[in-house]
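Here is the structure we will look at.
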Amino acid sequence: MPKVDLLIKGGEVIDPASKTRGKLDVAVSQGRIAAIGPDLPLDAASQVDATGKLVVPGLIDLHTHLGFELHTVVLDPDDVCPPAGVTAAVDMGSTGAFTFPWYRERVLSRTLVRLFPFINIASIGAIAIHTPYYVDNYGRYIDVRDTVRMIQENRQYIRGIKVFATDKMVGEWALMAVRAARQVGDEVGLPVAVHVSALPPPLEEILDLLHEGDILTHSFTPHDQGILDARGQIRPSVREARQRGVFFDLGHGAGSFAYHVARKALEQDFLPDTISTDLYYANVDQPVKDLPTTLSKFLNLGLSLEETLARATCNPARLIGENTLGVLQVGGPADIALLTLQQGEFSYVDCVQQTLTGPWKLECAMTIARGKIIYPREGWS
Ligand SMILES: [Zn+2]
């Protein structure tokens with residue numbers, strides 16, 4: 001075995017992908033996991049005492065808006081990810097074909113955490129989002145050929161196509177935009193991720209355009225493009241979409257997660273495939289805060305620890321085609337989070353000002369990315 005750089009000792013390893021749970025040590029060498037086992041008798045350059053902590057795969061947030069220097073909604077990935085145990089995140093369409101080359105050079109080349117962008121079907125990305133200008137002109141920035149070319153030139157970075165599928169955000173362009181995203185997705189063989197919230201267009205017309213591997217985000221939105229019908233039942237079109245392999249992502253956001261929707265869905269065994277934050281500047285203080293807080297909400301809604309963690313580790317990894325991430329395996333990348341699971345009485349607010357009180361609170365204690373401790377760091381405040 002190569003020299004061990006870091007030994008994580010005495011924690012409770014939980015790896016949902018391999019159904020591993022137990023008191024195990026994890027050895028890290030040259031950015032990779034060198035060994036996982038009980039009481040590893042290894043001499044290591046440095047050692048972390050993980051007693052009382054959960055040792056889990058680095059968390060993966062499938063829906064965020066991360067970057068910098070871009071006049072849009074983004075947060076700095078290196079500010080928000082390491083303190084949250086997040087070692088990889090999808091930027092959901094902050095850039096489009098006009099802005100992606102800049103993003104690749106300025107952002108992707110220098111972050112501590114791994115970023116996997118979905119490109120917006122509008123070439124302008126999310127610049128000027130939430131302005132009347134954006135609503136009126138979204139569709140004018142859709143150029144299928146240009147977007148296909150940008151993806152083909154950047155296959156190693158771009159993992160999908162993001163589209164806003166609500167007239168509220170993109171005026172009359174929503175369905176045309178989803179069709180264009182579908183066309184690009186088919187040409188390049190990447191998933192389409194659709195944002196839903198308010199009518200129109202009807203959810204059915206959007207779902208009709210989604211295929212296996214595509215993603216519907218904001219699954220538990222309280223708005224009327226939601227997954228429940230008027231009687232609170234999961235819409236047949238939603239069940240059919242899941243049946244044919246469409247994935248349902250949480251995408252908490254500022255207005256897209258309501259406990260009353262979540263409870264109805266969970267009662268009908270409709271769990272989200274991935275639990276993500278949709279983190280951007282307007283929701284980071286309230287109601288989202290971070291991914292461990294979003295995961296805590298699901299623990300308090302009744303999901304098990306394994307069910308919850310799978311939705312922020314191996315499940316999102318699979319959706320972006322990164323099967324060595326989101327798992328703890330010997331030889332794999334040493335992206336690891338140490339979490340504490342506190343028991344007490346904790347309150348959490350959703351997007352419609354409802355409060356959930358429950359016994360669980362997950363918090364990040366340490367984050368390791370590519371074998372290096374990125375939280376806490378020297379000088380971190
Ligand atoms: Zn978003």
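Indexing begins at 1, ligand by ligand and atom by atom, following the structure's order. Owing to the predicted nature of the structure, the values given are computational and were not obtained by experimental measurement.
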Donor-acceptor contacts, no H, no angles, side chain residues 192-211, under 3.5 Å, sequence neighbours left out:
{"unit_1": "His195", "atom_1": "ND1", "unit_2": "His218", "atom_2": "NE2", "d": "2.9"}
{"unit_1": "Glu204", "atom_1": "OE2", "unit_2": "Ser237", "atom_2": "OG", "d": "2.9"}

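Between Phe270 and Phe248, the ring planes are perpendicular. Angles over 60° get that label, and only those under 30° would be called parallel. Aromatic ring pairs are classed by plane angle as parallel below 30°, tilted from 30° to 60° and perpendicular above 60°; the pair Tyr157 and Phe100 is tilted.
Under a 4.0 Å N-O distance rule, the pair Asp186/Arg182 qualifies as a salt bridge.
Residues satisfying the ring pair (Phe, Tyr, Trp, His ring centres under 6.0 Å) criterion with Phe98, sequence neighbours excluded, are absent altogether.
Every pair tested for ring-ring contact (aromatic ring centres under 6.0 Å, His included) that includes a residue from residues 308-365 fails, sequence neighbours excluded, so the list is empty.
Within the protein, the number of N, O or S atoms lying under 2.8 Å from the Zn ion (ligand 1) is 3.
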